[in-house]
**Student:** 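Just dropping this structure here.
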Protein chains: 2
Amino acid sequence: MSKRKDAGERISEAEHAIMEVLWDSSPASAAEVCDAVCAKRDWSIPTVKTLLSRLVQKEAVGTTPQGRKFLYHPLIERSDYVGGESRRLVDRLFGGRAAPLFAQLAESEALTDDDLAEIEALLREMRK
Amino acid sequence: MSKRKDAGERISEAEHAIMEVLWDSSPASAAEVCDAVCAKRDWSIPTVKTLLSRLVQKEAVGTTPQGRKFLYHPLIERSDYVGGESRRLVDRLFGGRAAPLFAQLAESEALTDDDLAEIEALLREMRK
DNA sequence: TCACTTCGGCTACAGACGTAATCGAAGAAT
DNA sequence: ATTCTTCGATTACGTCTGTAGCCGAAGTGA
């Protein structure tokens with residue numbers, strides 16, 4: 001079954017940074033979100049608020065009236081987002097095949113020994 | 001700033017479709033490019049021309065005056081582009097680690113048996 | 001040589017995105 | 001109650017992206 005309701009509009013790069021914060025500490029106020037990213041991305045509160053409201057519009061985050069303020073929380077799972085983005089890349093760049101992606105990462109030395117070990121473990125585990 | 005490598009202007013989604021055509025058949029005229037994508041993406045010649053000129057501006061494709069017309073050819077390697085995009089995704093979504101990406105793809109069933117076999121082969125090969 | 005066709009080059013324009021200032025209502029402080 | 005402070009909401013605006021129209025120079029056929 002395909003939960004055909006969400007999947008609304010695409011989440012932009014900047015918006016994703018906000019999502020990341022919310023996925024990290026679920027209910028948070030705009031100010032708290034800013035505390036978490038404003039320094040890193042050199043944003044100001046207004047920017048964070050705009051991004052938050054756009055995410056609300058896109059139904060990617062929900063709000064809970066906490067007294068007079070609002071608390072924001074993600075409405076979509078991080079794994080869903082990440083999975084979608086990953087698949088989109090694989091589709092667009094590698095014709096939907098994951099192996100070439102892996103080869104590409106390997107070639108550009110983006111794979112650490114740890115990665116290799118982990119992937120091997122995963123492979124072994126899937127091998128049944 | 002970091003390593004301000006030239007030829008760094010971002011290539012957009014639509015532009016990438018054009019690049020893909022050029023990577024496939026190196027020197028091509030605008031009309032030929034259109035023949036290859038206009039149907040698929042439902043574009044018109046003007047659109048292709050705009051995208052081509054933007055890519056020229058971005059120094060992602062070069063031109064060769066062929067008599068009266070122009071022939072376009074890519075100036076950046078497909079592997080470079082693909083590698084860059086892949087790494088960008090891995091950095092943004094998985095903190096630079098490839099293993100989680102792999103796990104993600106596995107979980108979302110984006111890995112075919114062929115993929116697994118190929119990856120295993122690659123792994124074995126890198127194992128020395 | 002003179003319409004007619006072909007191209008590349010500018011121009012256009014709406015929608016998304018990044019970034020942020022301003023406004024107005026609700027609380028807090030005095 | 002009056003003012004000060006907080007927030008969310010609204011508005012702003014330049015850039016990038018997707019899509020495409022128009023224009024003028026060059027080539028073609030008669």
Side-chain angles (χ1 to χ4, degrees), chain A residues 7-22 27-73 75 81 84-85 88-89 92, chain B residues 7-22 27-75 81 84-85 88 92:
Chain A
E9 337 251 335
R10 291 206 50 54
I11 291 175
S12 78
E13 166 83 23
E15 286 161 359
H16 168 236
I18 302 290
M19 290 305 289
E20 214 57 68
V21 173
L22 292 180
S29 67
E32 289 169 335
V33 171
C34 186
D35 287 344
V37 286
C38 282
K40 207 166 312 187
R41 309 267 307 212
D42 194 39
W43 283 341
S44 59
I45 294 259
T47 299
V48 171
K49 289 200 224 176
T50 297
L51 292 172
L52 275 172
S53 49
R54 283 181 185 166
L55 284 168
V56 170
Q57 267 183 239
K58 294 181 181 178
E59 291 181 77
V61 323
T63 55
T64 318
Q66 166 92 150
R68 54 218 80 62
K69 311 180 185 183
F70 268 81
L71 287 189
Y72 300 84
H73 59 91
L75 285 181
Y81 173 73
E85 289 295 301
R88 267 169 27 83
L89 182 101
R92 195 162 67 86
Chain B
E9 310 272 340
R10 296 285 287 137
I11 290 175
S12 78
E13 166 84 23
E15 286 160 359
H16 168 237
I18 302 290
M19 290 305 289
E20 214 57 67
V21 174
L22 293 180
S29 68
E32 288 169 334
V33 172
C34 186
D35 286 343
V37 287
C38 282
K40 207 166 313 190
R41 309 267 307 213
D42 194 39
W43 283 340
S44 59
I45 295 256
T47 300
V48 171
K49 289 202 239 176
T50 298
L51 292 173
L52 276 171
S53 50
R54 283 180 185 166
L55 284 167
V56 170
Q57 264 183 243
K58 293 181 181 177
E59 292 180 76
V61 325
T63 57
T64 318
Q66 221 239 339
R68 208 72 312 285
K69 315 178 184 185
F70 267 80
L71 287 190
Y72 300 85
H73 59 91
L75 286 180
Y81 173 73
E85 289 295 302
R88 213 184 321 285
R92 193 161 69 86

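What you see is a predicted model, and the numbers here were worked out from it, not measured in a lab.
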**Student:** In the structure I gave you, are the side-chain heavy atoms of B:Ile11 and B:Tyr81 within less than 4.5 Å of one another anywhere?
**Tutor:**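 Yes, at least one pair of side-chain atoms sits under 4.5 Å.
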
**Student:** Using atom CD of B:Glu13 as one end and atom P of C:dC17 as the other, report the distance to the nearest whole Å.
**Tutor:**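 Distance, rounded to whole Å: 13 Å.
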
**Student:** Has A:Ser44 got a side-chain N or O lying under 4.0 Å from the OP1 or OP2 atom of C:dA20?
**Tutor:**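 Answer yes for this pair, as a side-chain N or O of A:Ser44 is under 4.0 Å from OP1 or OP2.
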
**Student:** Applying side chain to side chain contact (heavy atoms under 4.5 Å, CB included), run through B:Phe70 and B:Val56 and close with a yes or a no.
**Tutor:** CA-CA 12 Å; B:Phe70 267 80; B:Val56 170; over 6 Å; no

**Student:** Under 4.0 Å from any atom of DNA chain D, heavy atoms only: list the residues of residues 34-43 of chain B that qualify, in numerical order.
**Tutor:**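 Within this stretch, B:Trp43 sit under 4.0 Å of the strand.
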
**Student:** How does each nucleotide of nucleotides 8-16 of chain C score, in 5' to 3' order, for protein heavy atoms under 4.0 Å: base (B), sugar-phosphate only (S), or none (-)?
**Tutor:** B---B----

**Student:** So how far is it from A:Cys34 SG to A:Ile45 CD1, rounded to the nearest 0.5 Å?
**Tutor:**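 If we round to the nearest 0.5 Å, A:Cys34:SG and A:Ile45:CD1 are 4.0 Å apart.
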
**Student:** Can you find a pair of side-chain heavy atoms, one from B:His73 and one from B:Leu22, that are under 4.5 Å apart?
**Tutor:**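 Not touching, per the 4.5 Å side-chain cut-off.
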
**Student:** Grab the CZ-P distance between B:Arg10 and C:dC17 for me, whole Å please.
**Tutor:**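 Atom CZ in B:Arg10 sits about 14 Å away from atom P in C:dC17.
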
**Student:** Side chains of B:Trp43 and B:Val37: closer than 4.5 Å at any heavy-atom pair?
**Tutor:**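 A side-chain contact exists here, since the closest heavy-atom pair is under 4.5 Å.
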
**Student:** Going by salt bridge (charged side-chain N to carboxylate O under 4.0 Å, His left out), name the residues that satisfy it together with B:Arg88, two or more places apart in sequence or in a different chain.
**Tutor:**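 Listed in chain order: B:Glu85.
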
**Student:** According to salt bridge (charged side-chain N to carboxylate O under 4.0 Å, His left out), who are the partners of B:Glu32, at least two apart in sequence or on a separate chain?
**Tutor:**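 With sequence neighbours excluded, B:Glu32 shows a salt bridge (charged side-chain N to carboxylate O under 4.0 Å, His left out) to no residue whatsoever.
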
**Student:** Between CD of A:Glu15 and CD of A:Glu20, what distance do you get to the nearest 0.5 Å?
**Tutor:**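 Spacing of CD (A:Glu15) from CD (A:Glu20) equals 13.5 Å.
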
**Student:** Do any side-chain atoms of residues 48-55 of chain B form donor-acceptor pairs under 3.5 angstrom with protein atoms, and if so which ones, sequence neighbours left out?
**Tutor:**
from	atom 1	to	atom 2	distance (Å)
B:Thr50	OG1	B:Pro46	O	3.1
B:Ser53	OG	B:Lys49	O	3.1
B:Ser53	OG	B:Thr50	O	2.9

**Student:** Need two values: the first and the last nucleotide of DNA chain D, 5' to 3', having an atom under 4.0 Å from any heavy-atom of chain A.
**Tutor:**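 Range of nucleotides within reach of chain A: D:dC7 to D:dA12.
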
